[in-house]
Each structure stands twice: as C-alpha cells, then as structure tokens.
Amino acid sequence: MTIEADPSGEESTTQYLDALSAERRKKREDLSAQGIDPYPSRFDRTATAAELHTRHGGLEADQRTGETVRMAGRLTSIRGHGKLSFATLHDVTGSVQLLMQQANLSDQAKAVLAAFDLGDWVGAEGEAVTSRRGELSVDVKELYLLSKALRPLPDKWHGLTETDTRYRQREVDLLANPESRRVFDIRFRAIAAMRRHMVSEDFIEVETPILQPQAGGALARPFFTHAHALDIDLSLRIAPELYLKRLVVGGYERVFEIARNFRNEGVDTRHSPEFTALEAYRAFGDTTEGMELTEQLVVRAAESAIGRMTVTLGERTVDLTAPWPRRQLLDMLEEVVGRRLHPTDPVEEVRSVYRERGVEFQPEWGSGKLIFELYDALLLPTIVNPMFICGFPVEVSPLARHTTDDPTMADRFELCIDAKEFANGYSELNIPEEQEERFQAMAVAAARGDLEAHPSDLAFVRALEYGLPPTSGIGLGVDRLIMLLAEVEAIRDVILFPMMRPESSS
RNA sequence: GCGCCUCUAGCUCAACGGCAGAGCAACGGACUCUUAAUCCGCAGGUUCUGGGUUCGAAUCCCAGGGGGCGCACCA
C-alpha cells in the first residue's frame, strides 16, 4: 500500500507510511476516538519486573498474592487464546507476564488490548499471581497504552542482524537483541567500577578541553574545526595528557579523566575515530604505581562487569588473574631475534634484523623507532594473557622520562592482552628543558611531513617550568577493555553510536 | 586508499538465466494456561540505484551507493 507524500512535499520520518505502520496508526486513532489518550503524560509504576520476581519468586503454580501492582514496559510478545491472552512486558530490569482474561478486564482495558501491537509501551494494573504453569504474572484489570510503536519490531526470534542497521539504529538493536544490551550493560558496569576504584584511591575526576588549539599528548592525526567567535582553528583532542599534567602542576596530586578522544585515522575492528580512554596521573610515583593501578582497574572492571577472570575470544582464552608478568622489552626482543638491540645501535644494524625477518620499515625510522616497531611486529602478536612490557626507546616516547641509568630508554610500560595494546604508562618527563628539546626533535619530523609528529606545546613547557613533581601516568583503552570483557571482536559493538557514513536519502 | 564478500517483503532467509517464495510480524477467523502458543484464511515486493547482455535478469556484465572482512595507517 502506497500513501502519497504530505502536500507540503517535505520529507520526514513521520510521513513514512506503509501498510504496517498505517495499521498501527489506525489503532491509535481508534483509541483517540474512544476518548483514550494514546500518549498519556505519566504512569505511576509500583513495581519493576525484577522487584516483582524478588517479592514473589518462590510461589507455586496457580497462586494469588492479593497484591495489586502497576507495571510498565514494552510489549514484546502476545499469545492469544480467545478470551484469555498472555503477553510479555519487558522493562529495564527484565520481564513479567501479563495474564489477561476478558472477564476480568475493564471496558477500557478491552479497548486498549484490541489496539495493542508488539513494541507498544504499555502500563498494566492487576493482582500478582502465578499461572497454572507456575509463571509469575499480573492478572490484569486495567490496561494503558503509554506510547505506540508505529513501526513494527524486528523478527522476535532472530532479532536484527544487519550490522549497519544495528549501528545506525542502535535503539532498535537494543530493544530487539538481548545480546546487544548485555554488551552495553557490561560496558557501563565496568566504567562505573573503574570510576569507583579511582575515587576510592583518592583520584579526583576532572574535565579538560576537547577543543584544543593544538592536539597533543599522543602521536596521531587530529580532526580540525573552527571557532567563529575567536576566528581560530582548533583540533579535537587526541589525548587529555598535557592538560592533566598541568593540573598536577597546579596541585591536584591525583587526577583522572574518562576522556573521549578523537583520531582522524583508520577505522577497523580495533580502531574507532572516536574512542574512550581513562587517563590518570599520580604525583610522587613512577611506573611501579602505574602498573599497579592499571592492574587493579582491569581486575575491578572484570569483577564488577562479568564476575570472573577468564574470557574467551574465538579460540583464545584469556586469564586476567593478577599479578601479571612484567618483562623488559629489550630482553624479550633478545630472546626472539637472538641478539640484544639498543636504541644506540647504528640504524643499519637494527635494519638488518628487519631484513632477516622480512619485516618492512620506513627509511626515516631511527634505531629507537625500529626497535619499537619490532615489538609490534614480533612480540605483540604472541601475547595472550596480560603482560606488562617495560622500557621503551625515548625516541618513540616524547613525553616520558628517561630511565635513571640510560638516557635513550624511557621508564615506560605497555599492557598487552590478546595481541593488543590495552594501556600505556610512564614516569612523566618533568624536566622543562628536556621536554622542549623533545618537542624540537618532533618539529623536525613534522617538517619532514610526519602528520603524527607531536607538536610543540609551549604552554605545556611553561607549566613544567613551575614544577611538575615526579608523576606516574597511565592511559587505558576503555573500548578495548570492554571488547575483552564482553568477548566481542569489533570495537563498534561496544560503542553505542559508532561513526558511520550518513544514511543516503536515495 | 587497495583487494575480497554482501545487499530480495517490516524482520530472518530461500530462489542463482525461465511465473519472486517461506517463517516470524501484520490483517480476518477459532481457541481460558500460553511462553518461538497452535490451527484455518488473507495480504504484503523499485530483488540497493543506473546502464548493458539476453527471447527472457533478483540471477550474468559495467558503473555508482551502503555495509562487512582483510591489507596499509593507528590505540
């Protein structure tokens, strides 16, 4: 059935009509004609599904409780038997069965029931009972339509599978696919647990700019935008790091931010242009404290979100039980390539390892960068259970302090799980002159055309000149942690509304 | 950006050069204990879009669009 467009000729979703939604609209109008408001302003609920199950969960079949309840939720199933109908009402806590006997329903309830479709938001009032089969139910007397679903729901058994519809219309995915809801429940429980842990460790949660004159704190290509009021170009942040350290200079000895970061880079199963990181800075510590905190955060998140320490991804089983091994990067590389590499080695010597192994490299990479990339290519893919890898070349760590005994190696660690980097932490560089030199080295790289070179940030250097105490910093990839805990392989499955191309109008 | 795969009814999927179909949802009907309810009946299509080949195209070819996966960049 085709229905003509509105005479105005404008397109809008409310003008979308087909036979199915027209049917639902008609039912809504029928109710209105009987004086029943299809969009009431409120409904006083006295129990959620979970509360009802808690209160009356143990009852035997065919019992009455004498308790009248008012419940609300989305109608997900109707099973009609002539003068008796069953329905499933789903709310945020779970679901409960409605038992609707014609003989018990008020006249209004009968009219409302006749107008119901799957997907409608409904309210029901009646006695809490158990059915003859023993299922806790509401023996309904009054029924209310709270809001009409004008569009039909996806298949009640198969749900919604098409990935682009799932991402673009996440609301439909969430209401149709319990698995999707499960993933996001894990996400938000895990984040809440990490936030609680940070607060219990006396970290203060702060907010730093997303719109920045210069995107720093990481090596990545930023997004750009423009502020009309000031007529200046701005970047979206790629990391909150520099601002958080300025807060430590300002006297916040323990700060953290759960920060949305934006990187104008590739999109795949492990990377989203918009992603969430937890960054934390703690005065007077070094990587020892950073690794402890990282380990605790992941363990707390797992305990709270999934209640266990093992997860399975495809064929791999990951055991998150702490403590996790801490290995030196150069030791591990030595075991794999059979000789000890060091950032002070001549470039040609490190390149020879690449040639032996058939690994590609860029001609502008120095020995430090070459060593770092070997870690990515040779070590990372072999790691399954959590492992801290410690000691990275200063050349690839422009914001990290060098170790006390080696000016070319940074006191830095990465946390690897399931062949992916989950966290990065270091002892923060707090010597202003050295920071400025590192920035200058980066400026040379930028001049060569490196879009990801860290820009000089003189405001940050000036802050360091007021004195940054010894500080332990960490950054934890929240989305990847959620992927791990929820046992899913695509980062888009853990982001409610992932970046997509706009829906085409044609 | 390159390669491979994919797009059919509201949803899940068939048909793979020869009349576009099924299940669920919807609609009409039967049914007072179902829970993927069952049974009878009925309806539902720009086969992503535009070209082409062919007597005939959902199917083959070309171009475009959306999405997925892999590679590259990155966390």
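We use all heavy atoms of the structure for the numbers below, so side chains are in, but hydrogens, waters and symmetry mates are not. Sequence lines set the chain letters: A, B, ... in the order given, protein chains first and strands last, and positions in each chain run from 1. Quantities reported herein were computed from a predicted structural model and do not represent experimental measurements.
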- [ ] Give, ordered by number, those residues of residues 366-392 of chain A having at least one heavy-atom distance below 4.0 Å to an atom of RNA chain B; if nothing qualifies, reply none.
- [x]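 Heavy-atom cutoff 4.0 Å gives no residues at all.
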Hey, is [X] close enough to [Y] for a salt bridge, meaning N to O under 4.0 Å?
X: A:Glu241; Y: A:Lys245; value: yes
X: A:Asp117; Y: A:Lys148; value: yes
X: A:Arg480; Y: A:Asp418; value: no
X: A:Arg182; Y: A:Glu179; value: yes

Given atom [atom1] of [X] and atom [atom2] of [N], what is their separation to the nearest angstrom?
X: A:Gln169; N: B:G10; atom1: CD; atom2: P; result: 13 Å
X: A:Leu160; N: B:C24; atom1: CG; atom2: C1'; result: 14 Å
X: A:Glu279; N: B:A75; atom1: CD; atom2: P; result: 13 Å
X: A:Glu162; N: B:C13; atom1: CD; atom2: C1'; result: 12 Å
X: A:Asp62; N: B:C33; atom1: CG; atom2: C1'; result: 9 Å
X: A:Gln97; N: B:U35; atom1: CD; atom2: C1'; result: 6 Å

Whole-Å [atom1] distance, [N] and [M]:
N: B:C7; M: B:A15; atom1: C1'; value: 16 Å
N: B:A9; M: B:G29; atom1: C1'; value: 23 Å
N: B:G18; M: B:C60; atom1: P; value: 11 Å
N: B:U54; M: B:C71; atom1: P; value: 42 Å

- [ ] For A:Arg412, check side chain to side chain donor-acceptor pair (under 3.5 Å) against everything at least two apart and list the hits.
- [x]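 Testing A:Arg412 for side chain to side chain donor-acceptor pair (under 3.5 Å), a comparison that skips the adjacent residues, returns A:Ser397, A:Glu414, A:Asn424.
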Set of ring-ring contact (aromatic ring centres under 6.0 Å, His included) partners for [X], sequence neighbours left out:
X: A:Trp324; value: A:Phe388
X: A:Tyr354; value: A:Phe361
X: A:Phe116; value: none
X: A:Phe184; value: none

TODO: Indicate whether OP1 or OP2 belonging to B:A75 is found under 4.0 Å from a side-chain N or O atom of A:Arg480.
DONE: no
- [ ] Would you please confirm or rule out a distance under 4.0 Å between OP1 or OP2 of B:G67 and any side-chain N or O of A:Thr163?
- [x] no
Task: Residue A:Glu135, side-chain atoms from C-beta onward, closest of B:U35, B:C33, B:C69 - done: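 Nearest to the side-chain atoms of A:Glu135, counting from C-beta on, is B:U35.
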TODO: Compare the minimum distances between each of B:A75, B:G67, B:U35 and the side chain of A:Phe275, then state the nucleotide with the smallest one.
DONE: B:A75
Open item on the list: Can a side-chain donor-acceptor contact be found between A:Asp173 and A:Ser180 if the only test is distance below 3.5 angstrom?
Closed with: yes
Residues forming a side-chain contact (heavy atoms from CB on, under 4.5 Å) with [X], sequence neighbours excluded:
X: A:Leu211; value: A:Thr225, A:Leu234, A:Leu236
X: A:Thr88; value: A:Thr76, A:Ser77, A:Arg79, A:Ser95
X: A:Ala72; value: A:Phe43, A:Arg45, A:Leu146

Can you pull every protein N or O that's under 3.5 Å from an N or O on nucleotides 25-28 of chain B?
residue	atom	partner	partner atom	Å
B:A25	OP1	A:Lys156	NZ	3.0
B:C27	OP1	A:Lys27	NZ	2.2

Task: Each stem that RNA chain B is part of, given as range with range (3 or more consecutive Watson-Crick or G-U pairs, under 3.5 Å) - done: B:1-7 with B:65-71, B:10-13 with B:21-24, B:27-30 with B:38-41, B:48-52 with B:60-64
Open item on the list: Aromatic contact between A:Phe392 and A:Tyr375, with the criterion being ring centroids under 6.0 Å apart: yes or no?
Closed with: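 For A:Phe392 and A:Tyr375, the ring centres are under 6.0 Å apart.
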Below 3.5 Å is the cut-off: list the nitrogen or oxygen pairs between protein and nucleotides 38-41 of chain B, distance only.
none

